[in-house]
Participant: 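Before I ask anything, let me first share the structure, which is written out below as structure tokens.
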Amino acid sequence: MPTKPKRVQPETPVEPQERDQFQTPNYATDLIVPFIPRMPDRDKRNRIWEPCCGKNEKMAGRLNYHGYGMIASDLCKGEEYNALTWIPKYDWFCAITNPPFSLKAKIVKRFIELDKPFAFLVPGDWSRWMIDAMNIGCQILVPSRRINYITPTGKSGKESAAQFHSVWLTRYFNLPQ
């Protein structure tokens, strides 16, 4: 059986690639909201960090709609906001994001090292890095349907072909079995 050669995708943390610019629809963000760890005092000191918010900050806006204080940063806003190296100066209790496709494994590894709760919407492709994350206690929440992402041109729903199997990869969210 012939093998299809794998193309190595470039990693450009501060130069967004088109495949890294897909926004998360509200219904996909809503799936994780019931599982966000409860804080005893949900005030401004207990914010969610959305480290890969993109230009539209769509997911951050949706979490804010649900009553969470937000810190929104993005790799394309400059090196000083790069989630691979930067940490917000404000208190935050968990991170929730749809990481750039080209950097998803590095973002997950970084947040495992930070040892705080996180939920990342990633492709459900069962790659080695994802299996390694689950072996150290990460859990997944599997949506009942594919996520239909909003394309960089703003298309979504029936006009978009940007849908694929995705899962919420979480740590310290204590999802039910």
Side-chain angles (χ1 to χ4, degrees), residues 19-20 22-54 56-75 83-84 86-88 90-150 156-157 160 162-177:
R19 67 193 175 109
D20 291 339
F22 288 74
Q23 294 287 309
T24 307
N26 288 339
Y27 72 87
T29 303
D30 293 345
L31 293 172
I32 200 63
V33 169
F35 302 101
I36 296 172
R38 296 283 174 225
M39 295 299 295
D41 179 21
R42 246 178 46 182
D43 64 11
K44 291 182 180 175
R45 291 175 290 124
N46 294 317
R47 295 175 178 96
I48 294 174
W49 179 18
E50 215 265 279
C52 306
C53 66
N56 298 331
E57 300 184 12
K58 187 156 178 55
M59 187 180 288
R62 189 63 179 179
L63 291 167
N64 187 260
Y65 166 83
H66 284 287
Y68 291 95
M70 296 300 302
I71 300 169
S73 65
D74 194 70
L75 303 160
L84 295 171
W86 181 75
I87 297 177
Y90 302 106
D91 290 336
W92 55 283
F93 72 95
C94 76
I96 299 177
T97 197
N98 171 3
F101 187 82
S102 64
L103 297 169
K104 61 188 176 289
K106 285 187 175 193
I107 296 283
V108 168
K109 181 180 178 197
R110 163 87 163 133
F111 280 84
I112 287 172
E113 291 169 357
L114 290 174
D115 201 34
K116 283 210 176 186
F118 66 75
F120 297 152
L121 190 61
V122 297
D125 61 4
W126 309 114
S127 55
R128 180 80 249 160
W129 65 266
M130 191 172 207
I131 293 168
D132 290 344
M134 292 176 68
N135 283 336
I136 62 160
C138 289
Q139 296 177 290
I140 59 168
L141 177 67
V142 181
S144 60
R145 63 181 180 144
R146 291 177 175 207
I147 304 299
N148 194 0
Y149 293 91
I150 301 165
S156 65
S160 168
Q163 55 177 276
F164 51 88
H165 293 290
S166 303
V167 297
W168 280 102
L169 180 68
T170 71
R171 187 162 195 215
Y172 304 137
F173 268 53
N174 299 316
L175 298 179
Q177 296 297 322

Participant: Output a table of donor-acceptor pairs, distance under 3.5 Å, between side-chain atoms of residues 137-147 and any protein atom two or more places apart or on a different chain; print 'none' if there are none.
Facilitator:
from, atom 1, to, atom 2, distance (Å)
Gln139, OE1, Leu175, N, 2.8
Gln139, NE2, Leu175, O, 3.2
Arg146, NE, His165, NE2, 3.4

Participant: Is any side-chain heavy atom of Thr97 closer than 4.5 Å to a side-chain heavy atom of Phe118?
Facilitator: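 Side-chain contact under 4.5 Å: no.
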Participant: Considering non-hydrogen atoms only, spot the tightest contact between Gly54 and Gln23 and give its length.
Facilitator: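 It is CA-NE2, 4.0 Å.
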Participant: Ignoring hydrogens, what is the shortest heavy-atom contact between Val122 and Met130? Give both atom names and the distance.
Facilitator: CG2-CE, 3.7 Å
Participant: For Pro37, which residues count as a side-chain contact (heavy atoms from CB on, under 4.5 Å) partner, sequence neighbours excluded?
Facilitator: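 Testing Pro37 for side-chain contact (heavy atoms from CB on, under 4.5 Å), a comparison that skips the adjacent residues, returns Pro117, Phe173.
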Participant: How long is the span from the CD1 atom in Ile150 to the NZ atom in Lys58, to the nearest 0.5 Å?
Facilitator: 4.5 Å
Participant: Check side-chain hydrogen bond (donor to acceptor under 3.5 Å, both in side chains) between Trp168 and all other residues, then give those that pass, not counting sequence neighbours.
Facilitator: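 By the side-chain hydrogen bond (donor to acceptor under 3.5 Å, both in side chains) rule, Trp168 matches no residue at all.
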Participant: Give the minimum heavy-atom separation between Val33 and Tyr68, together with the two atoms involved.
Facilitator: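 Looking at all heavy atoms of both residues, the shortest contact is O-OH, 4.2 Å.
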Participant: Supply the atom-to-atom distance Ser127 OG to Asp132 CG, rounded to the nearest 0.5 angstrom.
Facilitator: 9.0 Å
Participant: Closest heavy-atom contact between Asp91 and Ile71?
Facilitator: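 Scanning both residues, the minimum pair turns out to be O-CD1, 3.8 Å.
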Participant: Between Lys116 and Tyr172, what is the shortest heavy-atom contact and its length?
Facilitator: C-CD1, 3.8 Å
Participant: Under a plain distance cut-off of 3.5 Å, with no hydrogens placed, do Tyr149 and Ser166 share a side-chain donor-acceptor pair?
Facilitator: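 Present: a donor and an acceptor within the cut-off.
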Participant: For the residue pair Phe111 and Trp49, categorise the inter-ring angle as parallel (less than 30°), tilted (30 to 60°) or perpendicular (more than 60°).
Facilitator: tilted
Participant: In Å, rounded to the nearest 0.5 Å, how long is the span from CD1 of Ile32 to CD1 of Ile96?
Facilitator: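 Those atoms lie 6.5 Å apart.
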Participant: Could you tell me whether the side chain of Arg62 reaches within less than 4.5 Å of the side chain of Thr24, counting heavy atoms only?
Facilitator: no
Participant: I need the Asn98 CG to Lys104 NZ distance, nearest 0.5 Å.
Facilitator: 10.5 Å
Participant: Is there side-chain contact between Arg171 and Ile136, with at least one heavy-atom pair below 4.5 Å?
Facilitator: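 In short, these two side chains touch, coming nearer than 4.5 Å.
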Participant: Can you tell me how far the CG atom of Leu121 sits from the OG1 atom of Thr29, to the nearest 0.5 Å?
Facilitator: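 Separation between the atoms: 7.5 Å.
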Participant: Is the shortest heavy-atom distance from the side chain of Thr170 to the side chain of Phe35 under 4.5 Å?
Facilitator: no
Participant: Where do Cys53 and Asp74 come nearest, in terms of heavy atoms and distance?
Facilitator: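 Distance-wise, the nearest heavy atoms are N-OD1, 3.2 Å.
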Participant: Can a donor-acceptor pair be found, under 3.5 Å and without considering hydrogens, that links the side chain of Arg110 to the backbone of Leu84?
Facilitator: yes
Participant: Please tell me if the side chains of Phe93 and Ile36 come closer than 4.5 Å, counting only heavy atoms from C-beta onward.
Facilitator: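 The answer is yes; the side chains approach within 4.5 Å.
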Participant: More than 12 non-hydrogen atoms from neighbouring residues, nucleotides or ligands closer than 6.0 Å to OH on Tyr27, yes or no?
Facilitator: yes
Participant: Are side-chain heavy atoms of Met70 and Glu50 found at a separation under 4.5 Å?
Facilitator: yes
